[in-house]
Amino acid sequence: MCGIIGYVGNRQAQEILLNGLKRLEYRGYDSSGMAILLSRKQQISIRKTPGKISALEKIISKKPLSGFLGIAHTRWATHGAPNQVNAHPHDDCDGEIAVVHNGIIENYEPLKTSLIKEGHIFKSQTDTEVLVHLIEKFSRHACLEEAVRKTLALVRGSFAIGVISRREPEKIISARSGSPLIVGVGQGENFIASDVPAVLDSTKDVIFLEEGEIAVLTKDNVRITDLHGKAITKNITRINWDIAQTQKQGYKHFMLKEINEQPRILADLLNLRIAKGINKIIFSEQHIPEAKLKSIKNISIVACGTAYHAGLVGKYILEALCGLPINVDVSSEFRYRDLFVDKHSLVIAISQSGETADTLAGVREARKRGCSVLSICNVLGSTLTRESDGVIYTHAGPEIGVASTKAYTAQLIALYLFAFYLARLRNVVAKEKINKFLEELQRIPKLQEAILKDQHIIAKIARNHSHLGSFLYLGRNINFPSALEGALKLKEISYIPAEGYAAGEMKHGPIALIDEYRAVVCIAPASKIYEKMISNIEEIRSRKGKIIAIASCGDKIIKELTSEVIYLPKTSEFLSPLVVALPLQLLAYHIAVKRGCDVDQPRNLAKSVTVE
């Protein structure tokens, strides 16, 4: 979950590393640091501090580092508090080797005990520090690359690492297993990074490292081997993102920018996936044979967080259209329970980053049992996409805000399109009905634009309720997952306790919470269960609950029940989660801003959860 950036070349490393860290800060922001091999003294100098990248930037501005090779790190703390001592990089006893690490070394305690007995002095409480001392130990009688190999042969767990040494001053050694790492390939310079945005302003040519691969970088060369030293030939991928996509472009926060990007992203995605005139759905990376998809008996969806909520919506969609039993699991539970999946099962794995540790572990377990795996993912070349039989890319562009917004609705579009595709393939829904759905789906971006034009109304409602101590979110049928997602957004960025419920469950416990100090967000667009939602609202109103209703334009009944109404353009109940999502996101955003919270980098969170 931490962010790594490394540079070797002809330019001063300090600014390159700082800029890379800023673009990786969504991966963790408890502390940060960098190590640079000073060009004049041929020694490694380290600067690190608790807090965000801005704190490190202040320190470095007072004590600059001059050199052409270095590594840097922004941390999401696991072992040890987020303080200066535990911040990365970590160095060895003599200050000759420095290491940055993302992941968890599971057997660090026995390794640390053994190293201490051998005379190594540890400074931190981190698991990472065993790496640098092991490398120190083995480098006494081997080159740096071989010392790294011997070290990685001893450790268990997950890692992406960058290593530099004073003794080999023109080289960065990097490796990965279970945590993402890419190599950026430039002219007279090369990079390592946890994610593509860190290097985009310098190069768009990247190599995605696979599990168990080591990369040795100099300014003019990249050499890749496996953990045993066997050479590996890798393809260079050209990234089509623009660096502007990773910048705020005049918005106050990345989250607000990404909320407002949704109509364009969905329109582009629909144009890419639907062939005009014939309404044929195109999945160019979906390589699961049609015969296999026709024969599947059940589908399991695995995901975490917001992606899990997208999966829950997917359950309603797929069951309604495809006539198959659908199971949705939180990835961390899927991998540990007794699974009834086999070669006749399809597993749909949903992950924005494609590096979510629990989802990857669930996919690997499914593959052991013979399942076909289809991934819905935003990041080209990520681990999940490489380990799947088929991929549906969401093409949402880089999502920098930690709380997912545009990735969520792009995941929903992917699920709708796959459901239409599968239903037609299995011949369980008439072509005319699918075409009607597709025509309506293509109107969704315009409906989202209409919501965004009136977002000042949502902002006002949010400010009026930002002082309340807790929120309930209620939804029914296909918008029950919307209630869960709305509650999650509020929790993530405002730290207000919030719970999402199926509205029919309110009388089975949650109604005890209703009073004048709590807001209840009722998702009640026009639908077949609209009258049921109205009954819920009446029950809340009679107990003096503060009601925020999300309803369809022209709804006069809702207006009689509460003055706080967010109106949505009319669409079918089946597609309504795509329009309901935006006011829920905006409500959470404006409440958090009013409370003075850091909406882009909420406390204790990181964007990509790469550890269990």
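- With respect to the salt-bridge test (charged N to carboxylate O, under 4.0 angstrom), the residues E365 and R369 qualify.
- Of the possible donor and acceptor atoms, none in the side chain of S482 sits under 3.5 Å from a partner among the backbone N and O of V580.
- Here the OG1-CG distance, from T74 to L24, works out to 8.0 Å after rounding to the nearest 0.5 Å.
- Side chain of R426 to backbone of I296: a donor-acceptor contact under 3.5 angstrom is found.
- The side-chain heavy atoms of L474 and E505, taken from C-beta on, include no pair separated by under 4.5 Å.
- Residues I413 and L269 come closest through the heavy atom pair CG2-CD2, 3.6 Å.
- Inter-residue side-chain proximity for I514 and L472 is flagged as met; some heavy-atom pair is nearer than 4.5 Å.
- A donor-acceptor contact shorter than 3.5 Å is absent between the side chain of Q262 and the backbone of Q448.
- The aromatic rings of F418 and F283 sit tilted, their planes meeting at an angle between 30° and 60°.
- Taking the six-membered ring where the residue is Trp, F574 and F437 present tilted rings, their angle falling between 30° and 60°.
- Salt bridge E485/K489: present, at least one basic N to carboxylate O contact under 4.0 Å.
- Using a cut-off of 4.0 Å between Lys/Arg side-chain N and Asp/Glu carboxylate O, E387 and R364 are scored as salt-bridged.
- For the pair Y589 and H253, the minimum side-chain heavy-atom distance is below 4.5 Å.
- Nearest heavy-atom pair across K248 and K257 is O-CD, 3.4 Å.
- Here the closest heavy-atom approach between residue A498 and residue L490 is recorded as CB-CD2, 4.0 Å.
- Ion pairing of R541 with E538 is present here, as a side-chain N (NZ or NE/NH1/NH2) and a carboxylate O approach within less than 4.0 Å.
- Going from atom CG of L324 over to atom CG of L422 covers 6.5 Å, rounded to the nearest 0.5 Å.
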Practice task
List the steps and the verdict of salt bridge (charged side-chain N to carboxylate O under 4.0 Å, His left out) for K315 and E319.
Solution key: CA-CA 6 Å; K315 174 182 172 71; E319 285 182 340; 2.9 Å; yes
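- The minimum heavy-atom distance linking V599 with A592 is given by the pair CG1-CB, 3.4 Å.
- Formation of a donor-acceptor pair under 3.5 Å by the E564 side chain with backbone atoms of I461 is not found in this model.
- Under 4.0 Å is where a charged nitrogen must lie from a carboxylate oxygen, and between E449 and K453 no such pair does.
- Looking at S382, its side chain does come within 3.5 Å of a backbone N or O of V379 through a donor-acceptor pair.
- Using modelled atom types, one side-chain atom of Q286 and one backbone atom of I288 make a donor-acceptor pair closer than 3.5 Å.
- Panel note: side chain S535, backbone E531; a donor-acceptor pair is recorded below 3.5 Å.
- Checked against a 6.0 Å centroid threshold, the rings of H465 and F471 do not count as neighbours.
- Taking the side chain as every heavy atom from C-beta outward, C304 and T359 approach each other to under 4.5 Å.
- Ion pairing of K559 with D555 is absent here, as no side-chain N (NZ or NE/NH1/NH2) approaches a carboxylate O to less than 4.0 Å.
- The pair R273-E285 meets the salt-bridge criterion, since a charged nitrogen lies less than 4.0 angstrom from a carboxylate oxygen.
- With contacts defined as side-chain heavy-atom distances shorter than 4.5 Å, the pair L270/L438 does not qualify.
- Looking at L374 and L346, their side chains come closer than 4.5 Å, going by heavy atoms from C-beta outward.
- Looking at every heavy atom in both residues, I350 comes nearest to A307 through O-CB, 3.6 Å.
- Proximity of a side-chain donor or acceptor of N378 to a complementary backbone N or O of T394 within less than 3.5 Å is not detected.
- Checking side-chain atoms of N479 against main-chain N and O of G475 turns up no donor-acceptor pair under 3.5 Å.
- Between D329 and R335 there is no salt bridge, since no side-chain nitrogen of the basic residue lies less than 4.0 Å from a carboxylate oxygen of the acidic one.
- Nearest heavy-atom pair, R595 versus S466, reported as atom, atom and distance to 0.1 Å: NH1-O, 2.8 Å.
- Between the R518 side chain and the L513 main chain, a donor and an acceptor come within less than 3.5 Å of each other.
- When the options M255, Q601, E258, R23 are evaluated for a side-chain contact (heavy atoms from CB on, under 4.5 Å) with I400, the one that passes is E258.
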